[in-house]
There are 2 protein chains.
Amino acid sequence: MSSEHSHSHHMPATKPVKRNGLTKGAQVVLDALEQVKELASAQDIYGRLRQGADKAPGLTTVYRSLESLVAMGYVQSVDLGDGEKRYEVVNPGEHHHHLICDKCGESNHLDLCMVEEFEEAIRAKYGFQIKSHVLEIFGVCSRCHGHSKKI
Amino acid sequence: MSSEHSHSHHMPATKPVKRNGLTKGAQVVLDALEQVKELASAQDIYGRLRQGADKAPGLTTVYRSLESLVAMGYVQSVDLGDGEKRYEVVNPGEHHHHLICDKCGESNHLDLCMVEEFEEAIRAKYGFQIKSHVLEIFGVCSRCHGHSKKI
DNA sequence: CTCTATGCAAATAATTTGCAAGCAC
DNA sequence: GTGCTTGCAAATTATTTGCATAGAG
């Protein structure tokens with residue numbers, strides 16, 4: 001599997017927005033994800049659900065729910081480069097990128113998408129029609145400037 | 001492991017450039033990677049080396065070599081979002097992003113880095129000091145426009 | 001000789017899949 | 001009843017690690 005790549009987690013330039021029709025599991029997962037303000041992985045959500053309720057969905061269901069939530073545009077998947085994908089609730093059809101602090105780990109949303117800014121230029125120059133993209137930025141946030149704390 | 005992220009594969013805004021001092025394994029891996037013009041995964045390189053020579057480095061060595069090559073700035077790691085990281089030789093200290101075609105799988109280099117373009121604006125607006133970033137763009141390349149071929 | 005590089009096998013860990021049972025309509 | 005949803009366990013797969021040996025300086 002070396003010439004294949006999945007796109008479910010990318011951020012389409014435009015996104016089809018469907019409404020509702022969530023399975024019970026997906027609803028529970030979405031609720032949980034809505035409560036977490038931070039990015040959460042499938043395992044995070046699973047663990048979190050395990051604690052809260054006695055009748056929590058299984059790990060498989062969490063994975064499958066996230067998959068469909070992403071497909072429906074309710075959730076955005078974020079790849080930080082470690083082996084674990086994170087998820088975050090978004091307004092259907094929207095997406096955003098993150099400024100992730102190397103020191104404290106906090107992530108803030110970027111309010112603009114540079115790729116969209118360059119989309120037309122790229123089509124003009126390369127004849128390339130953008131469908132989706134991945135963009136995450138790492139560095140040091142304002143609160144951590146000058147600090148020497150390690151996570 | 002939910003609040004941790006590795007950065008070895010990101011593209012620093014500035015990069016320290018050291019010279020040579022490669023282990024035998026790293027040299028072999030670098031050579032192999034130089035011959036492949038496409039992005040190649042550790043497993044790709046391993047398989048490729050297995051074929052060519054009788055005395056090819058083991059998989060572990062390939063992984064370790066890639067790791068050090070990336071650290072030295074000779075190689076860039078690219079995350080396409082499937083579980084498999086790809087690697088590519090770069091001029092030491094440089095980096096670039098890709099336009100990856102969903103249809104034919106080919107990847108072309110972008111000749112500009114949007115993140116660098118916005119680096120100062122982001123520092124000004126968010127007080128965020130960028131250290132590295134991930135950016136890959138997916139879509140349809142010019143050659144595949146109008147075609148309906150699936151990979 | 002001493003330290004680093006290497007290889008193999010075993011361990012990790014996230015995610016996926018097969019399959020049987022449960023639930024919805 | 002029929003089909004989608006769920007759960008558990010087993011399988012997959014990339015990557016990492018332990019440890020003992022080979023090689024370089």
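Chain naming here is simple, since letters A, B, ... match the order of the sequence lines and numbering starts at 1 in each.
- Within the 4.5 Å cutoff, the side chain of B:F138 has heavy atoms near those of the A:V134 side chain.
- Across the protein-nucleic acid pair, A:R86 atom CZ and C:dT15 atom C1' stand 14 Å apart, rounded to whole Å.
- Applying the 6.0 Å contact sphere to CZ of A:R123 captures more than 12 heavy atoms from other residues, nucleotides or ligands.
- Distance, A:E84 CD to C:dT12 P: 17 Å, rounded to whole Å.
- For the pair B:F128 and A:C141, the tightest heavy-atom approach, listed with the atom from each and the gap, is CD1-CA, 3.6 Å.
- Each of C:dC8, C:dT6, D:dG7 was ranked by its minimum atom distance to the side chain of A:K55; first place goes to D:dG7.
- The CG atom of A:D82 sits 13 Å away from the P atom of D:dT15 (whole-angstrom rounding).
- Applying the 4.0 Å criterion to OP1 and OP2 of C:dG7, one finds that B:T61 has a side-chain N or O inside that range.
- Between B:H98 and A:H133, the ring centre distance reaches or exceeds 6.0 Å.
- The number of heavy atoms from other shown groups lying within 6.0 Å of CD (B:E120) is above 12.
- For the pair A:L22 CG and D:dC4 P, the interatomic distance rounds to 17 Å; values are reported in whole Å.
- Nucleotide C:dA13 holds its P atom 18 Å from the CG atom of A:L80, rounded to whole Å.
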Nucleotide by nucleotide, 5' to 3', does protein get under 4.0 Å of the base (B), only the sugar-phosphate (S), or neither (-) in nucleotides 16-25 of chain D, counting heavy atoms? BB------S-
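- Closest heavy-atom contact between A:L33 and A:Y87: CD1-O, 3.6 Å.
- To the nearest angstrom, P of C:dA14 lies 10 Å from CG of A:D44.
- Neither OP1 nor OP2 of C:dA14 sits under 4.0 Å from any side-chain N or O of A:S41.
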